[in-house]
There are 2 protein chains.
Amino acid sequence: MSEQERRIPEATVARLPVYLRCLVELADERTPTISSERLADMAGVNAAKVRKDLSYLGSYGTRGVGYDVEFLLYQMSRELGLTQDWPVVVAGVGNLGQALANYGGFTDRGFPVGALVDVDPDKVGTSIAGVIVRHLDELPELVASKGIAIGIIATPPTAAQSVAEKMVEAGIGSILNFSPSVLGLDPEVSVRKVDLAVELQILSFYRRRADGPASLGPDGPQR
Amino acid sequence: MSEQERRIPEATVARLPVYLRCLVELADERTPTISSERLADMAGVNAAKVRKDLSYLGSYGTRGVGYDVEFLLYQMSRELGLTQDWPVVVAGVGNLGQALANYGGFTDRGFPVGALVDVDPDKVGTSIAGVIVRHLDELPELVASKGIAIGIIATPPTAAQSVAEKMVEAGIGSILNFSPSVLGLDPEVSVRKVDLAVELQILSFYRRRADGPASLGPDGPQR
DNA sequence: GTGGCTGTGTGCACCCGTTCACAAAGTCAC
DNA sequence: GTGACTTTGTGAACGGGTGCACACAGCCAC
Ligand SMILES: NC(=O)c1ccc[n+]([C@@H]2O[C@H](COP(=O)([O-])OP(=O)(O)OC[C@H]3O[C@@H](n4cnc5c(N)ncnc54)[C@H](O)[C@@H]3O)[C@@H](O)[C@H]2O)c1
Ligand SMILES: NC(=O)c1ccc[n+]([C@@H]2O[C@H](COP(=O)([O-])OP(=O)(O)OC[C@H]3O[C@@H](n4cnc5c(N)ncnc54)[C@H](O)[C@@H]3O)[C@@H](O)[C@H]2O)c1
């Protein structure tokens, strides 16, 4: 696995953020190195999988020792594009949108809330977590001026498709969709969907089956 | 594929709720039948996949015609265990917990909020969406009296593991975890995790790669 | 009834991802 | 320097999921 341009498998990409969080934790407690075995435990996956996943980033381990936490943390952040901030815009500041806007965890991880938009005149102009809610129509200017890269959809499902299209028009190329609706967009645009009702229904399925196999999460086994 | 006990693949289970939502939409607009092709379009998947998925439920289609919407809806609801309600408890009524409690979409889909629990004395005793917040310690009685089947964790990550254990002790067998923490529980317990920061980081990865392949969602391609 | 048409159900080949197992690389004690 | 020990990196086997392709079931028109 030399220094060529490796293509990282989809499944691995989905696990990198989990490893990343483990590494942050380890770095916080000043652990200098970590073996694939222990990291696997923390992340709830198989050790061989950890090694294979990490090997896509490069041969950063030391045989007989493990991985240098700080170094791996840096390499992984770089690979995930987390060496820079990615401001997000939240569309729809209802129940969920407000919770997202008030949540500090995103900003901490490099995803500051650059803008909030809604169409409700009662909401436009109000301020949430220090950010003033703007009208959806101002999206293009907001995206341009704040350097917004990611759009989060927290509108009712009926509005989702049109909001998504406006985001794409405004230059956004990555969308996280919380509404239970299937978006039809240019395949160039990266879309991820979080559908809470779907999660509950999957749990319901396994429950009904008198405890079938422990369910798997979005991206592999969970613990 | 006779009337024997079919084992439905994990990947199929994750898609059934998506089909279900499409069917509900179709039923609402009084569409009598639907072809795999059209349903595939609506769900954003491949038509052959739809047919194979549906075939696990039984041979409910009519060749040359398609599937009877109402009938399929019923069969699928039954298979997903949605012919009954599954009350949920939300642990942690902060930003996210309150948004969840206020959200009507769960109750509509058969997942009423049976209880809310927290440990903050300022929150215990208050009422959210008509449900009084109780102390975490009351979980066992609440689970028993309200027939709660599913636990939703919306506490800070540090509390997640201990809350999860208390849920399991109280008799809960299915958990939806919103905190960014890896839970270690009896494999009998079904756990699903929704980690918003992970989703954003995955988007960040593909964005950095100057628009790699459109990302895939939790369970397959998305649109 | 017959023929034509539409769309299901599924066999099959392929691909991606997982896991095992082990050689090689590196560390450390002496 | 040598040897024992630890842990990586990866080849190879396996398993599950996807999507093509097509036989054939069922409907409709006449
Ligand atoms: N609240 C939850 O816990 C929760 C859980 C699961 C899913 N969801 C989904 O998230 C979405 C939002 O849920 P919610 O509870 O926050 O709903 P909500 O009704 O509280 O808020 C929706 C907000 O979107 C705004 N809006 C409507 N049309 C818009 C448009 N075209 N552009 C911009 N904003 C617009 C509304 O003014 C409102 O402020 C829904 O699709 C819902 O299904 C929410
Ligand atoms: N708010 C969001 O939009 C958002 C987004 C992504 C992830 N999350 C995750 O969801 C979780 C909750 O986020 P939040 O923003 O609502 O946090 P929050 O701090 O607003 O609320 C947490 C609540 O949990 C309660 N709590 C603490 N310990 C508890 C315990 N042992 N048992 C029961 N309740 C307890 C607190 O009293 C508080 O009410 C966090 O893990 C966070 O990382 C939240």
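Residue numbering restarts at 1 for every chain, and letters A, B, ... go by the order of the sequence lines.
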E10(B) atom CD is separated from dG17(C) atom P, nearest whole Å, by 16 Å
To the nearest 0.5 angstrom, please state how far the CG atom of L196(B) sits from the CG atom of L176(A). 7.0 Å
Please round to the nearest 0.5 Å and tell me the distance separating atom CD1 of I152(B) and atom CG of N177(B). 11.0 Å
Testing I148(A), I150(A), T107(A) for side chain to side chain contact (heavy atoms under 4.5 Å, CB included) with V88(A), which one passes? I150(A)
Rounded to whole angstrom units, what separation is found between the CG atom of L54(B) and the P atom of dT8(C)? 9 Å
Does a nitrogen or oxygen in the side chain of S36(A) sit under 4.0 Å from OP1 or OP2 of dT8(D)? yes
Got a salt bridge between E199(B) and K193(A), using NZ or NE/NH1/NH2 to carboxylate O under 4.0 Å? no
Residues from residues 68-80 of chain A sitting under 4.0 Å of DNA chain C, heavy atoms only? none
Please report the distance, rounded to the nearest Å, between CZ in R38(A) and P in dT6(D). 16 Å
Distance check needed: dT10(D) P versus L57(A) CG, whole Å only. 12 Å
Measure from OH on Y60(B) to C1' on dA25(D) and round the result to the nearest Å. 18 Å
Using whole Å, what does the distance between atom P of nucleotide dG9(C) and atom CD of E37(B) come to? 14 Å
Does N46(B) put a side-chain nitrogen or oxygen below 4.0 Å from OP1 or OP2 of dC20(D)? yes
Of P9(A) and A48(B), the one whose nearest nucleotide on DNA chain C sits closer to the 5' end is A48(B)
5'-most by nearest nucleotide on DNA chain D - G61(A) or G64(A): G64(A)
Going by atom types only, do Y206(B) and E10(A) share a side-chain donor-acceptor pair under 3.5 Å? yes
Distance check needed: dG16(D) P versus I8(B) CD1, whole Å only. 16 Å
Testing dT18(C), dG26(D), dA24(C) for proximity to the side chain of K52(A), the answer is dT18(C)
Return yes if the base of dG17(D) and the side-chain atoms of K49(B) contain a donor-acceptor N/O pair under 3.5 Å, otherwise no. no
Could you please name the option among dT18(C), dT10(C), dT8(C) that lies closest to any side-chain atom of R15(A)? dT18(C)
Under the side chain to side chain donor-acceptor pair (under 3.5 Å) rule, what pairs show up with a residue in residues 32-45 of chain B, not counting sequence neighbours? S36(B)-R51(B)
Just compare dT19(C), dT18(C), dG26(D) and give me whichever is closest to any side-chain atom of R63(B). dG26(D)
Of all heavy-atom pairs linking I175(A) and A164(A), the shortest is CD1-O, 4.0 Å
Nearest of dG7(C), dA21(D), dT10(D) to any side-chain atom of R51(B)? dA21(D)
Value in whole Å for how far the C1' atom of dT8(C) lies from OH of Y56(B): 15 Å
